[in-house]
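Input: a single structure, listed below in structure tokens.
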Amino acid sequence: MTSSDAVTATPAGGTPLPSARPHAEPAPHGLGASVLPTDALAKAQGTYAYAADLWAEGLLWAAVLRAPHPHARIVSIDTGPAEAMPGVRAVVTHADVPGDANHGRGVADRPAFARDLVRHYGEAVAAVAADHPDTARLAVAAIAVEYEVLEPVTDPEKAFEAEPLHPDGNVVRHLPLRYGDADATGDVVVEGLYRVGRQDPAPIGAEAGLAVPRVDGGVELYTASTDPHTDRDRVAACCGLPPEQVKVVVTGVPGAMADREDLSVQIPLGLLAIRTGCPVKLAAGREESFLGHPHRHPTLLRYRHHADGAGKLVKVEAQILMDAGAYADGSHEALAAAVSFAAGPYVVPHATIDGWAVRTNNPPSGHVRGEGALQVCAAYEGQMDKLAKALGMDPAELRARNVMATGDLLPTGQAVTCPAPVAELLRNVREAPLPALPKDCPADQWLLPGGPEGAGEPGAVRRGVGHAVGMVHLLGAEGTDEVATATVKVDGAVATVLCAAVETGQGFTTLARQVVQEVLGVDEVHVAPVDTDQPPAGPGARGRHTWVSAGAVERAAKMVRTQLLQPLAANFGMSTELLSIADGKITSYDGVLSTTVAEALEGKELWATAQCRPHPTEPLDDTGQGDAFVGLAFAAVRAVVDVDVELGSVRVVELAIAQDVGRVLNPAQCRARIEAGLTQGVGAALTEHLRVARGVVRHPDFTGYALPTALDAPDLRIVELVEERDVVAPFGAKSVSAVPLVVTPAAIASAVRAATGRPIGRLPIRPSAVVTE
């Protein structure tokens, strides 16, 4: 058996599904159309194969032993009892890692298995492969580990003075930002303390994967990876193999954020498959998923805002402390975003900001959509509400007086060269009609906070309206080399796209099809499944596949277009620029040449490979100055809430959003992504908080971690999608998923302040914070 034929369940990936309506009107086509995903029917019917569905002949099952303490010294590990159990084929610990012992995203500071110390609750200590999943779990429980329990450091403020938790020290990064006059002051000064909790990415499907040994001593990994080439390199380093002996094949990804962008099951699977010479599968349970992947950085933020008597901002001072947990992971990038956007999308002449990310014995933090930007948005918008109250102004009007526009400077000194229609966005949500009051529609009175049959009384309900604006950066920052490669092949009237950009639900495969349809006029476009035999395309965070990977697809398609048109143009003595492709036809500017794309492609095989690389950025210097970001995206959200001031319950009645999207490439997909971000923001504002007591995760399941359900989702109103194309982006489009999530919690908190008069400074909002005397 070889690795290539071992796996029998692989996802449909980019294979188009047959039309459900063969006699209907032609399907939407090209950019600007609401083209449906090819895998939509399979996912709706439950036939789409995810990583947990994989199977191979001779399969073994893996389980991971996780530490029961947040901080402990490992005195000894006895794997003998587990190895003696019938059906157990291998047990691996740190001693069995043949290559680099550490790995990590950005900073390689995390051991594959805990060695001398356990630094967080749930850290991997050992892994087992057995012939049955129950046997694997029993064997893990039989491993005898003697721990010397140590006092955990769980307060990030105490991490500065605590004994080092890691050889690299407790401070992952300190980033000071100095802009303008440090001694500047305003006529009105307000201060605030804000806390943002630990939000989990809460994937629909838990982590899973399959490793298959290769005849050359390497291994193939079938996982729901979002950055397969980086995963390949990390696994190869830990397994002591050259990268060419490790292949990563991307299987169905059931949504992705931090839980897919950091290694989880890959290293144990790779080691066990090589050790046993058999395929090995690991499918994590929900509890293990909570313990095994990073979360949003819990953050403590202290702010002081200065303004003049007319409400114009003069200065922003801030201290931002991010809890990185046990390892660095994506904390460098999260802190850069937090510090750079600490003043928000406002014109601020002077700023003094300090940011720290520190190690603790809490669960690791990592990349979760809108990292850094969400935390500071909640704080600076809270400050704007406080400032408006001190000035006796309408909070939305205060915001409108200070919003930035194209050409203004960030506190990092970088000019905002992309479209920044913040004033227009805010105006649109302010002018949108408000939802009806409950007294005007008696049939809807059951929609009081607390839901149907709730215990609340209508007389205790207060309605509030709040506004917030926010921003996120696009692509990587501080010198990240953003590059993607794509190949477009055309055989007859069928096109195939090869690009290692992973479809995580953001719609890349649909967009790639639209691009090729638009450029070449070909109806049938397939997107090949992703593996590391293809050139790298990088991770899927911050909308980079819409910009970089789809940009590479467009360039490759245009090269194929030139190959197609050159012979036709030469026959008529004209340049290819005088020919156009539209509605499946090729025509010349004067109408002399007219033929179908299918006729022109008949019998031809054309292909081209291209790269897309945005303009470079630079690291922030020791005063926080530098052109660190490729692009920015903005949004304004108005939240309407009903608050029961006796019970402390909050119902979000409506969220209205106006968003800077650059260009809408797929209207249905764009709206769906915005609505998903808004709904996720409701969770961050009201319910989602992974509870950790002295480093121990409490209730790591969906009974203890409350996701918003369909009953919690408010009415969502997309008031305006502002389409000012970013001229440096391949299509002029901007990422649409992150900024609604970033702004929504701040808008909801603002609305709760308006309803209760209470100083809401913590996310998620606790019932005790909204109860009035």
Side-chain angles (χ1 to χ4, degrees), residues 1-15 48-64 87-92 96-99 103 112-113 124 127-133 135-136 139 205-254 260 263-284 292 500 502 528-534 536:
M1 179 178 65
T2 64
S3 58
S4 60
D5 62 16
V7 179
T8 59
T10 54
T15 303
Y48 186 86
Y50 292 103
D53 300 316
L54 299 174
W55 181 88
E57 189 69 35
L59 184 71
L60 300 179
W61 294 83
V64 176
V88 172
R89 301 289 294 276
V91 180
V92 293
D96 301 297
V97 179
H103 66 91
F113 295 103
V128 171
D131 57 10
H132 191 278
T135 304
E207 291 79 0
L210 173 68
V212 181
R214 292 165 41 135
V215 295
D216 63 357
V219 66
E220 287 190 4
L221 292 166
Y222 296 80
T223 65
S225 170
T226 62
D227 187 3
H229 290 83
T230 301
D231 286 359
R232 175 200 63 187
D233 294 344
R234 294 178 191 166
V235 171
C238 285
C239 292
L241 298 171
E244 57 269 19
Q245 284 186 251
V246 176
K247 179 178 179 179
V248 175
V249 179
V250 177
T251 59
V253 181
R260 310 296 182 198
L263 292 182
S264 55
V265 301
Q266 292 92 329
I267 291 176
L269 282 174
L271 292 171
L272 289 169
I274 293 171
R275 180 79 169 266
T276 62
C278 298
V280 181
K281 178 177 177 177
L282 194 158
V502 177
V530 174
D531 60 49
T532 49
D533 287 344
Q534 303 167 17

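FYI, the numbering just counts along the sequence from 1. Side chains are part of it too, since the values below use all heavy atoms of this structure and drop only hydrogens, waters and symmetry mates.
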Can you name the side chain to side chain donor-acceptor pair (under 3.5 Å) partners of Asp533, sequence neighbours left out?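 Here the qualifying residues are Lys247.
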
With Thr276 via side chain to side chain donor-acceptor pair (under 3.5 Å) - residues at least two apart: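 Thr276 satisfies side chain to side chain donor-acceptor pair (under 3.5 Å) with no residue once adjacent residues are dropped.
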
Go through it in stages, so that I can follow the logic: the residues are Cys239 and Ile274, the test is side-chain contact (heavy atoms from CB on, under 4.5 Å), and I'd like the CA-CA distance, side-chain angles, deciding distance and then a yes or no. CA-CA 9 Å; Cys239 292; Ile274 293 171; 4.2 Å; yes

How close do [X] and [Y] get, counting heavy atoms only, and between which atoms?
X: Val280; Y: Trp61; result: CG1-C, 4.4 Å
X: Ala273; Y: Ala211; result: CB-CB, 3.6 Å
X: Tyr48; Y: Asp53; result: O-OD2, 3.7 Å
X: Val502; Y: Val253; result: CG1-CG2, 3.9 Å
X: Ala284; Y: Ala206; result: O-CB, 3.3 Å
X: Val88; Y: Val91; result: CG1-CG2, 4.1 Å

Say you draw a straight line from [atom1] of [X] to [atom2] of [Y]; how long is it, rounded to the nearest 0.5 Å?
X: Glu244; Y: Arg232; atom1: CD; atom2: CZ; result: 8.5 Å
X: Leu210; Y: Leu221; atom1: CG; atom2: CG; result: 8.5 Å
X: Leu272; Y: Leu60; atom1: CG; atom2: CG; result: 8.5 Å

With sequence neighbours excluded, what pairs up with Arg89 under the salt bridge (Lys or Arg N to Asp or Glu O under 4.0 Å) test?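 Listed in chain order: nothing, the list is empty.
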
Residues in salt bridge (Lys or Arg N to Asp or Glu O under 4.0 Å) contact with Asp233, at least two apart in sequence or another chain: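 Asp233: no salt bridge (Lys or Arg N to Asp or Glu O under 4.0 Å) contacts found.
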
Determine whether a donor-acceptor pair (N or O, by modelled atom type, separation under 3.5 Å) exists between the side chain of [X] and the backbone of [Y].
X: Gln245; Y: Asp216; result: yes
X: Gln266; Y: Ser264; result: yes
X: Glu207; Y: Val265; result: no
X: Thr532; Y: Pro228; result: no
X: Lys281; Y: Leu269; result: no

Residues in side-chain contact (heavy atoms from CB on, under 4.5 Å) with [X], at least two apart?
X: Ala51; result: Ala208, Ala224, Thr251
X: Thr230; result: Asp227, Arg234
X: Ile267; result: His103, Ala112, Val235, Cys238, Leu263, Leu271
X: Ala124; result: Val64, Arg66, Phe113

